[in-house]
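Remarks on the structure that follows.
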There are 2 protein chains.
Amino acid sequence: MAGTKARAREIRAYASLGRGVKSSRGIPEATVARLPVYLRALAGLADGGSETVSSDALALAAGVNSAKVRKDLSHLGSYGTRGVGYDVNYLVHQISRELGLTQDWAVVIVGIGNLGHALANYGGFAERGFRIAALVDADRRRVGEELAGVNVSHMDDLDAIVRESKVSIGVIATPAHAAQDVCDRLVAAGVTSILNFAPVVINVPAGVDLRKVDLSIELQILSFHEQRKAAMSRLRTAVES
Amino acid sequence: MAGTKARAREIRAYASLGRGVKSSRGIPEATVARLPVYLRALAGLADGGSETVSSDALALAAGVNSAKVRKDLSHLGSYGTRGVGYDVNYLVHQISRELGLTQDWAVVIVGIGNLGHALANYGGFAERGFRIAALVDADRRRVGEELAGVNVSHMDDLDAIVRESKVSIGVIATPAHAAQDVCDRLVAAGVTSILNFAPVVINVPAGVDLRKVDLSIELQILSFHEQRKAAMSRLRTAVES
DNA sequence: TTGTGTGAACAACTTCACAGCT
DNA sequence: AGCTGTGAAGTTGTTCACACAA
């Protein structure tokens, strides 16, 4: 029986995809979030002509510490050579594979205002295998406008576009009040990953991944630390007086 | 001696601002990051006419669970009433104070390309006490252009602008290759908080806070999960075959 | 000798579960 | 009876420090 062993491996892998399994392939979220940073750092090192890189050097380029680099990379497998380091190109390949960047993902951007324009023109999209399948807006006056080589379509066609182009990632760049409705429509059409730029909490059913980017929240976090710094120097002068 | 007790309190507070102190005022980072979300949820509830809110209701509006809400709010003090909940307006006030939103912060945006335009026109700025003190670009052709009521200045004037307007927060919306230099100039001029949109790792000296927003990284994280979902359904069919 | 890979200690964060106040 | 505030337990993430391979 040739297929028995492979079959057993499949079943084990399947089981390990469930909840709360530590074994082979459970890459921690924190690690996943750093892999793209390593990838970018490695691209820079490869441009600089490096063949291999140590965890120390990669850590420096990625802005983390070397223990973290080694732990993170160890989750992908033992791709390093003791006493030498990691092969840059091989590592790029492995990380890309793990992140699913060896295939193309179709993306739709909804909401072609200021932010939508900025996102559509952002070069980093195509570069990593994210293909803009469509730009969508609720305002008929914008329909037909060309942007980054793609024509703007109307919201009414969203469902058809998602199904035809097999869009799996939706980017929401609408005003806050429209975001939940847009999200629901994206999900109904079959999108399973959403990146939300609207400053509002939105809900998705289980099985759909949602990430958010929120300028206002970032500024408020910085404000907190600014205030703490200000309070600290005020106290320091008071105590030293 | 009237001032002795107040003085002792100051010194205690000063000491507690050091590293690794659990005592009174050490609000966890994870909590700080959620406070702006609560604030937004509370604004919605206040608009809806609510006078008080339970941890359950607030959790629902903020997209977290109620235990987290209670723990988070307990770090600010005991502002709730058992059997009743929290007073909406009072809580808004306390969170705003904690985040330093009761004062205005001057912000400078560097890099007036697509993204810079989107950021400058983003309404959420002024709304929370973030005043755009200046828009700055390295391209002289853009200087003088008016945007959201502010004229674009040249990079050469950055230092003077930061000092005169007491800018404490800098937003970097330049191409990647310019980001580190812009950051250094901002820090040299006296900016102590930086929000970086450029897709590159930048370094700041100790004492300066740095946060980043990176579209490409977010997409790659979604890609990872998409791939995992795809692998899972592939395995499921294989096993069930 | 150099630098990876990893168990073990540590630290941060989340969730549970319930005492105690209103 | 209802809901907060919080110790304690559980989970995830980080750092240390060193055995071991090249």
Side-chain angles (χ1 to χ4, degrees), chain A residues 16 18-35 37-38 41-42 45 50-88 90-91 94-95 98 221 224-225, chain B residues 18-35 37-38 42 45 50-88 90-91 94-95 98 221 224-225:
Chain A
S16 83
R19 277 273 118 241
V21 177
K22 323 252 95 149
S23 64
S24 57
R25 273 299 180 99
I27 301 183
E29 265 306 304
T31 295
V32 171
R34 279 187 296 266
L35 291 179
V37 179
Y38 298 150
L42 287 166
L45 290 164
S50 307
E51 295 268 308
T52 61
V53 63
S54 67
S55 59
D56 266 316
L58 182 50
L60 189 70
V64 300
N65 66 48
S66 62
K68 216 179 261 180
V69 169
R70 289 200 299 280
K71 218 6 153 230
D72 283 343
L73 296 183
S74 77
H75 290 299
L76 313 186
S78 286
Y79 297 143
T81 308
R82 293 173 191 231
V84 179
Y86 304 86
D87 180 276
V88 173
Y90 188 59
L91 200 49
Q94 289 302 332
I95 295 178
E98 201 63 60
I221 295 170
F224 172 83
H225 292 291
Chain B
R19 276 273 119 240
V21 177
K22 321 252 95 152
S23 63
S24 57
R25 274 298 180 98
I27 301 183
E29 265 306 304
T31 295
V32 172
R34 280 188 296 267
L35 291 179
V37 180
Y38 297 151
L42 288 166
L45 290 164
S50 307
E51 294 268 309
T52 62
V53 63
S54 67
S55 60
D56 266 314
L58 181 51
L60 189 70
V64 298
N65 65 47
S66 62
K68 217 180 260 180
V69 168
R70 289 200 298 281
K71 221 0 157 231
D72 284 342
L73 296 184
S74 78
H75 290 299
L76 312 186
S78 286
Y79 297 144
T81 307
R82 290 169 195 235
V84 179
Y86 303 85
D87 181 277
V88 174
Y90 187 59
L91 200 49
Q94 290 302 333
I95 294 177
E98 201 63 60
I221 295 170
F224 171 84
H225 292 291

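Each chain gets a letter, A, B and so on, in the order the sequences are listed, and its residues count up from 1.
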**OP:** Could you list the residues that satisfy side-chain contact (heavy atoms from CB on, under 4.5 Å) with A/Ser66, not counting sequence neighbours?
**Re:**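 Partners of A/Ser66 by the side-chain contact (heavy atoms from CB on, under 4.5 Å) criterion, ordered by chain and then number, come out as A/Ser55, A/Asp56, A/Ala59, A/Arg70.
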Original post:
Counting only distance, no hydrogens or angles, is the base of C/dT4 paired donor-acceptor with the side chain of A/Arg82 under 3.5 Å?
Top reply: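 Checked by distance alone, the answer is yes.
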Could you state the atom-to-atom distance from [atom1] of [X] to [atom2] of [N] in whole Å?
X: B/His75; N: C/dT14; atom1: NE2; atom2: C1'; answer: 11 Å
X: A/Asp72; N: D/dT14; atom1: CG; atom2: P; answer: 7 Å
X: A/Leu91; N: C/dG5; atom1: CG; atom2: C1'; answer: 14 Å
X: A/Leu73; N: D/dT14; atom1: CG; atom2: P; answer: 14 Å
X: B/Tyr79; N: D/dT6; atom1: OH; atom2: C1'; answer: 17 Å
X: A/Glu29; N: C/dT14; atom1: CD; atom2: C1'; answer: 16 Å
X: B/Asp56; N: D/dG5; atom1: CG; atom2: C1'; answer: 14 Å
X: B/Ile27; N: C/dT14; atom1: CD1; atom2: P; answer: 14 Å

In terms of side-chain heavy atoms of [X], which of [options] is nearest?
X: A/Ser74; options: D/dC16, D/dT4, C/dG5; result: C/dG5
X: B/Tyr86; options: D/dT4, C/dG5, D/dT6; result: D/dT4
X: A/Lys68; options: D/dT4, D/dG5, D/dT14; result: D/dT14
X: A/Lys71; options: D/dT15, D/dT4, C/dT15; result: D/dT15
X: B/Ala30; options: C/dT14, C/dT15, D/dG13; result: C/dT14

Original post:
In a check of side-chain contact (heavy atoms from CB on, under 4.5 Å) between B/Leu91 and each of B/Asp87, B/Ile95, B/Val88, which one passes?
Top reply: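 Exactly one candidate clears the test, B/Ile95.
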Original post:
Of A/Val53 and B/Ala67, whose nearest nucleotide on DNA chain C comes first from the 5' end?
Top reply: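 Closer to the 5' end of DNA chain C: A/Val53.
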Original post:
For DNA chain D, whose closest nucleotide is more 5', that of A/Val84 or that of B/Arg70?
Top reply: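 Nearer the 5' end of the strand: B/Arg70.
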Original post:
Can you tell me how far the CG atom of A/Leu73 sits from the OH atom of A/Tyr86, to the nearest 0.5 Å?
Top reply: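 Rounded to the nearest 0.5 Å, the CG-OH separation comes out at 4.5 Å.
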Original post:
Are any of A/Thr81's side-chain N or O atoms less than 4.0 Å away from OP1 or OP2 of C/dT4?
Top reply: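 False: A/Thr81 side-chain N/O out of range (4.0 Å or more) of C/dT4 OP1/OP2.
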Original post:
Hey, is CD on B/Glu29 packed in by over 12 heavy atoms from elsewhere, all under 6.0 Å?
Top reply: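 Count over threshold, so yes.
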Original post:
Can you find a pair of side-chain heavy atoms, one from A/Val64 and one from A/Val37, that are under 4.5 Å apart?
Top reply: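 A side-chain contact is absent here, since even the closest heavy-atom pair is not under 4.5 Å.
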Original post:
Touch check for A/Asn65, heavy atoms < 4.0 angstrom, all strands: base, sugar-phosphate only, or nothing?
Top reply: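 If one applies the 4.0 Å heavy-atom cut-off, A/Asn65 turns out to touch the sugar-phosphate alone, with no base involved.
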